[in-house]
Structure formats: structure tokens, C-alpha cells
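A quick write-up on the structure given underneath.
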Amino acid sequence: MKSLKQILSEKAYTRCESKSFPGFVSPMLATLTDDYFDDEDWIYERKLDGVRTLITLKDGVATLWSRNEKQLSNSYPEIKEAFENAKLPNLIIDGEIVAFEGNVTSFSKLQNRMQISDPEKAQNTGVKVSIYIFDILYYDSYDLTELSLLNRKKVLREVMPFDDPIRYTSHRKKDGIEFHKEACKKGWEGIIAKDSQATYVHSRSKKWLKFKCSKGQELVIGGFTEPEGERVGFGAMLVGYYEEDALHYAGKVGTGFDDAFLQKWRKKFDAISRKTSPFENFDEDNQGKNHWITPKYVGEFGFTEWTNSNKLRHPRFLGMRKDKAAKEVTKEEPT
DNA sequence: TTCCGACAGTGGGGTCGCAAT
DNA sequence: ATTGCGACCCCACTATCGGAA
């Protein structure tokens, strides 16, 4: 294995002066795809469901950044401290802050502290967090972004002390399709495929791809909202499923329709409108904005998971189901 | 000519924090 | 003291336009 010095000597790196060391750089973002593949020139990492975080360490001071250049340092003071105590030179690393629920990263658990701006309060939530690091952009003021991904990972493993809460993100070479399958079985959010020779760019790229684990099921349409702005037809569908003859509200779905669909189905919905909610558990706080319809239409919907309050996360409309009676639609539990 | 990438716009759940009530 | 709303985090998707292929 090449030493750090050898890797750095392969190119004539310019080493920035401390005063020109970047305060923030935009992260490289992955592109979503359904086209899963095996490729020996690509590596595969677990996709963690947390908050993307870039850490700059400059003259011993660590700063945690969100991907939109917001400071996260106050929400995760123990991670900031871990970097500052590690006695490292100026560097920038890229990773994901996560909280675990069992063996699976839990975004909803992380939500209990991710917006808290007081460091003491954040730590007192009792939500334990870790940061999984998967890339290094600068080290000792050397710009490493022109290195290949595998060489950056070599540098990362060599220079970073991985002690809790700082963890290394392991990866698998080849077998992307099989790894994705296993990931979904384990309840992970998915995997990230990365071109092992790619340099680091500060924007969305197709050298990094998301292979997500998506869920889908049929749901009954029990209402809709008014469109806003330039939107035509309706805004979102209000959907649910049956449980012992009662229709349970499962949230709103506002994407996946084109303009023609929105206009056509607004008319169909208006033709079967009713005054009261068909949902047995709908809390009536903003009733004025909702339109109710006879729950007879069934659609197919995609989403990532059920939230703690039993609603769809990241919902989208996939198509109408004309072959299914509304009363047959129940919540599909994982087997 | 056709395709792709980037961007704006509309829609979702959940949480915190602050202004308005 | 309570409530409503904006701003964040996580997003999915459609429409549009200009440049690449």
C-alpha cells in the first residue's frame, strides 16, 4: 500500500496557505437511479439515513456544515469536540451524522436533536450520534479532490483516527446488485454506488449513484387539496387504507402527476365530492383547505417508509389501479 | 434532430424557534 | 400561554430551456 507521502508526491499539489484554506466547500451529491449494476470499477457503500455533514478543521477549530452551508456545530457538540481533540492538521472531510435505532440508522430519532441550536440542550436529548466518514477533500492543506476515490479513501484510512463518535464508512467492491438486495432485506435506506476512479466534484454527479430501497402499495383516495401558484387541477391527494371497515388517513401525496392528469382527475373528483371526511382518524384542524370525495378510487404509491405517526415518507403517485376495490386496500406489513 | 443537465416550481413528513395572537 | 408559520433536515417529481451529442 502506498504511503501518504507517495500518494501526495504523485501530483504536484499546491498546498494552500492557512489563510486561504476554504471555509466551506459544496459536497458531491449522488444521482438517483433504478438501473442497478455490478461493475468492478465501482465500489458500494451503505446509504445512511442521517444528515450530510462536511467538517472543516482549521488551526484546531472544527466547524460542521450542512450541505447548504448552514452551521451544524451547535447541534452536535460532541462531534465537534472529537475532531478538535484528535490533534489533526487542517483538513476537510465528508460524512453523514446518524442516530441508531437498533442496527438501523433512524432519521426520525435524529430529528429530535438536529434542529436544536443550543449545544447543551442538544446533548441532553439523550440521542447518541455518530459520524460516518466516507471522503477526505483536504489534508494538511493539500487539495485531494483531484485524486481518485480509492486514493482518497487510502489517505482517509491512514490519517484519521476512528474512535467513537468518528467512524469509517466501509465499502464493498463489485456485486452492487446483490448488495442492494441485502441492504433492502436489512431495512437499510439503500446503497451508494461510486466510481472508484472518480475525482471529487462540488455538485451533483453521476459518478455517485443512489440505489434506494423503495416501498410501494395501493391506497384509497379520500380527498384532495386546492392547487397553489401555477399548479393546475389539484395540489395533493389525501390517501388512506382500510382497517376493520374504517378508512385510516395515511397522509398526502403531491407529486408524480403531470398537468393533463391533474386536470382530468380534478373533474372526476369533483363529480363524487362529499361534505365530510371519509377518514375515521382525520384531525380536523385545517378542514377548510381540504376537499372530500367518496373513497372509491385506488392508486399505487411509492414511498420510503412509514413515519412514527403512521404517514408516508417521501410519497409519490405511481398510477391509478382500476382492478382493485377500495375496501380491499389494507396496510401491507413487511413479512 | 434528439437527448441531457440544470434550474425553478410544486408537492410531501417532521422538528425547532420565533413572531403573532 | 398558545398557535401559526418559516426555515431547516430529509426528499420526489414535472416542466422548461439551452447546449451537447
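Throughout, protein chains are lettered first and strands after them, A, B, ... in sequence-line order, and every chain is numbered starting at 1.
- Rounded to an integer number of Å, the gap from CD of A:Q263 to C1' of B:dT10 is 15 Å.
- Within the 4.0 angstrom heavy-atom criterion, no nucleotide atom of any strand lies near A:L110.
- The listed nucleotides are B:dG12, C:dC9, B:dG13; the one nearest the side chain of A:S309 is B:dG13.
- Aromatic ring centres of A:F261 and A:F317: separated by under 6.0 Å.
- At whole-Å resolution of the value, CZ in A:R113 and C1' in B:dG14 are 17 Å apart.
- Position along DNA chain B of the nearest nucleotide to A:K206 versus A:P315 favours A:K206 as the more 5'-ward residue.
- As judged by a 4.0 angstrom heavy-atom cut-off over every strand, A:G302 is placed among residues making no nucleic acid contact.
- A sub-4.0 Å separation between OP1 or OP2 of C:dC11 and a side-chain N or O of A:K47 is present.
- In this structure, CG of A:L29 is placed 12 Å from P of C:dA12, rounded to the nearest angstrom.
- Contact between the side-chain N/O atoms of A:N68 and the OP1/OP2 oxygens of C:dC8 is not found at any separation under 4.0 Å.
- With A:Y242 as the aromatic partner, A:K331 does not meet the cation-pi criteria of under 6.0 angstrom to the ring centre and within 45 degrees of the ring axis.
- Remark: A:K212 is in phosphate contact with C:dA12, judged by side-chain N or O atoms under 4.0 Å from OP1 or OP2.
- Checking the phosphate oxygens (OP1, OP2) of B:dG13, no side-chain nitrogen or oxygen of A:T307 falls inside 4.0 Å.
- One cannot find a donor-acceptor pair under 3.5 Å joining the base of C:dC9 and the side-chain atoms of A:Q115.
- Listed nucleotides: C:dA12, B:dG14, B:dG12. Nearest to the side chain of A:T255: C:dA12.
- Among the heavy atoms of the strands, none lies under 4.0 Å from A:T304.
- Residue A:R316 places its side chain closer to C:dA12 than to any other of B:dG12, B:dG17, C:dA12.
- Donor-acceptor pairing under 3.5 Å, judged by distance alone, is absent between the side chain of A:Q111 and the base of B:dT15.
- Residue A:S66 is classed as a sugar-phosphate contact, given heavy-atom separations below 4.0 Å to backbone atoms only.
- Nucleic acid contact for A:F317: none, since no nucleic acid atom lies under 4.0 Å from a heavy atom of the residue.
- Across all their heavy atoms, A:L57 and A:F83 have their closest contact at CD2-O, 4.1 Å.
- Residue A:K311 places at least one side-chain N or O under 4.0 Å from the OP1 or OP2 atom of B:dG14.
- Atom CG of A:N308 and atom P of C:dC9 are 21 Å apart (whole Å).
- At the phosphate of C:dC10, OP1 or OP2 sits under 4.0 Å from a side-chain N or O atom of A:R67.
- For A:R313 and A:F107, the positive end sits near the middle of the six-membered ring, less than 6.0 Å away and at most 45° from its axis.
- Here A:R52 does not reach the OP1 or OP2 of C:dC11: none of its side-chain N or O atoms lies under 4.0 Å away.
- In this structure, the CD1 atom of A:I116 is 18 Å from the P atom of B:dG14, given to the nearest Å.
- Salt bridge A:D164/A:R167: present, at least one basic N to carboxylate O contact under 4.0 Å.
- Straight-line distance from the CE atom of A:M237 to the P atom of C:dC13: 14 Å, rounded to whole Å.
- Although no hydrogens or angles enter the test, the distance criterion places no donor-acceptor pair under 3.5 Å between the side chain of A:N68 and the main chain of A:K70.
- Take the nearest nucleotide of DNA chain B for A:E230 and for A:N112: the residue whose nucleotide is more 5' is A:E230.
- Summarising the base pairing, C:dA20 is matched to B:dT2 through a Watson-Crick or G-U wobble pair whose two defining distances lie under 3.5 Å.
- Here the side chain of A:R231 is nearest to one of B:dT10, C:dA12, C:dC10, namely B:dT10.
- Side-chain proximity of A:S117 to C:dC10, B:dG17, C:dC8: nearest is B:dG17.
- In the model, A:D143 has a side-chain atom that pairs as donor or acceptor with a side-chain atom of A:T145 under 3.5 Å.
- Within 4.0 Å (heavy atoms only), A:D259 reaches sugar-phosphate atoms of the nucleic acid but no base atom.
- Atom P of nucleotide B:dC18 and atom CG of A:D118 are separated by 11 Å, given to the nearest angstrom.
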